[in-house]
Protein chains: 2
Amino acid sequence: MPVSRRGQLPVWQQIAEELRTSINDGTLLPGSRLPTEAELTERYQVARNTARQALTALVNEGLVTPARPRGYFVRDRKPLYYRPQQEFRPRPLSPEMDIFLAEHSADGRQPAQSIEVAIVDPPRDVKKRLNLGDGELAVVRRRVRYLDGEPFHTNDSYFPLRLVQDTEIMRPEDIARGANQVLAEVGYLQVRALDEFYVRMPTPDEARRLSIGPGTPIAYHLVTGLTEEGQPVRVVLNVLPGDRHVIAFERTRVALPTQAAE
Amino acid sequence: MPVSRRGQLPVWQQIAEELRTSINDGTLLPGSRLPTEAELTERYQVARNTARQALTALVNEGLVTPARPRGYFVRDRKPLYYRPQQEFRPRPLSPEMDIFLAEHSADGRQPAQSIEVAIVDPPRDVKKRLNLGDGELAVVRRRVRYLDGEPFHTNDSYFPLRLVQDTEIMRPEDIARGANQVLAEVGYLQVRALDEFYVRMPTPDEARRLSIGPGTPIAYHLVTGLTEEGQPVRVVLNVLPGDRHVIAFERTRVALPTQAAE
DNA sequence: AAGTGGTCTAGACCACCAC
DNA sequence: TGGTGGTCTAGACCACTTA
């Protein structure tokens, strides 16, 4: 086979490149099995570790996933649309999960979620955006959302404790009309939100919580909800595995048609 | 040292975990050097490959970067804000690069860009969003933007060839008033845009073009620009390395305060 | 020139699970 | 229970780049 030990590229990269090509040109379709490590060592006449290095590279690129003891398989990415704007749209009275449900159940997939409420000293990220003083606490509603029993993403909403004490927000149950409505009822209507997306590899904790395999990055999505006066009253922290989401939103022209920047 | 061969976790994971902890608790600050492979094999009494596997894992998590022959170093993530909304804001007559420049030069960093124009059969992603028939061609303006001489992101704008033939868009130069304005002048004013973000590892090509090291994912940002009639006239394809960008935008309430979804 | 990580080999034992 | 990938060892040679 055409691997050369004197080539510009290391042998393992040449092997990885050949496999990559097979995947891209459709020779190896999503879901199909790659050659085993043993087959590669045989075919290219290299040590097993060399073949392994090639496969490991593909795993870290997110192209391939190992499924012991059946072999390595070409990954099948089928991300679903995730619409941060959705939450500023009016909607009928319905369980808190509605949006998520409406977005995804159309596919015939079974949505589910777990809710957990805690009073915490929030992470620095959140503290800063909520303008919390030292030692000031927050309530967090932590959710993991599932699709067909598989974890899909996490959604942790933080509220300053002093604003939501003794409201429904403190109870680990679905809030039929939405937590934002509860906030509005106690005088903190949100009229603006700031969205930030960080793209990075998951921490081991995140990987565990969401069953994220190697080679799968995440979007770390922060939303800061503000009142008319610009007071932050809510920070949401979402972790969206890249292989399961497409983040989508829509924009409309805000200004007169005098100028349109590229 | 406390690595046990009979532990639940493989030795290399235990080593990785100790290093990870040192990084997170500030013992190893961003920019500082990790122990060398030789030092780790000595300290933990393991084979070099085992120490290496621990370090490689941290590299693939994006925590650490190897800088031969100086050793491994803790990475320093300093992403800049990237605001897709910016382009729908009015702005003064100025070079095409202005937005990018205004966004980033405040930091005292030197922005630059390269432009390249080509007539191509666009990728499927683009073709579909532009509603191009089979064999119908497009013009692409490919840009790489730099900051302090380092590649920062790529920005490829596609236009249906039939719409922009003989316009400035065909010329590989900065368009002072912006390509969108040119489009508007020939009758294709954009009033809406659809944004999609995919989060994934870079392809080897992307990694090369943008000098992306291992363990760094990208956001693949697609913008489809639509006219009043809903005709797509522009598709932009951005590749944003995760270690250099924070994607940010703002939302305002669109509906009456009857309902506020969480 | 020395020391670093990069590559590669050859071999061993093990845990897991589909068949 | 066989075959798979996961882990680990011990050693070798090389390429690079900074000091």
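Each chain gets a letter, A, B and so on, in the order the sequences are listed, and its residues count up from 1.
In summary, of the residues considered (B:Asn155, B:Asp156, B:Asn238), a side chain to side chain donor-acceptor pair (under 3.5 Å) with B:Arg143 occurs for B:Asn155 alone. Partner B:His221 forms a ring-ring contact (aromatic ring centres under 6.0 Å, His included) with one of B:Tyr198, B:Phe249, B:Tyr82 and no other, that one being B:Tyr82.
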Under 3.5 Å, which donor-acceptor pairs link side chains of residues 62-70 of chain A to any protein atom two or more places apart or in another chain?
none

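Between the OH atom of B:Tyr72 and the CZ atom of B:Arg33 there is a distance of 11.5 Å, given to the nearest 0.5 Å.
Two residues, A:Val11 and A:Arg48, neighbour DNA chain C, and the one matched to the more 5' nucleotide by heavy-atom proximity is A:Val11.
Qualifying side-chain hydrogen bond (donor to acceptor under 3.5 Å, both in side chains) partners for B:Tyr220, counting only residues two or more places apart in sequence or in other chains: B:Asp125. In this view, B:Asp121 and B:Lys127 satisfy the side-chain hydrogen bond (donor to acceptor under 3.5 Å, both in side chains) rule, not counting sequence neighbours.
Salt bridge present: A:Glu61 and A:Arg20 bring a charged side-chain N and a carboxylate O closer than 4.0 Å.
B:Glu196 and A:Tyr81 form a side-chain donor-acceptor contact under 3.5 Å, judged by distance and modelled atom types alone.
Non-hydrogen atoms lying under 4.0 Å from DNA chain C are contributed by B:Arg68, B:Pro69, B:Gly71, B:Tyr72, all within residues 68-76 of chain B. DNA chain C is contacted by no residue of residues 53-65 of chain B, taking any non-hydrogen atom closer than 4.0 Å.
In summary, contact between chain A and DNA chain D, defined as any nucleotide atom under 4.0 Å from a heavy atom of the protein, begins and ends at D:dG3 to D:dT9 in the 5' to 3' direction.
Separation of the A:Phe197 and B:His245 ring centroids does not fall under the 6.0 Å cut-off.
Base pairing annotation: D:dG11 forms a Watson-Crick or G-U wobble pair with C:dC8, both donor-acceptor distances under 3.5 Å.
To the nearest angstrom, P of C:dT4 lies 13 Å from CD of B:Glu42.
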* Asked: Is there a salt bridge (charged side-chain N to carboxylate O under 4.0 Å, His left out) between A:Glu206 and A:Arg200 once you walk through the steps?
  -> CA-CA 11 Å; A:Glu206 290 163 345; A:Arg200 57 165 173 75; 2.9 Å; yes
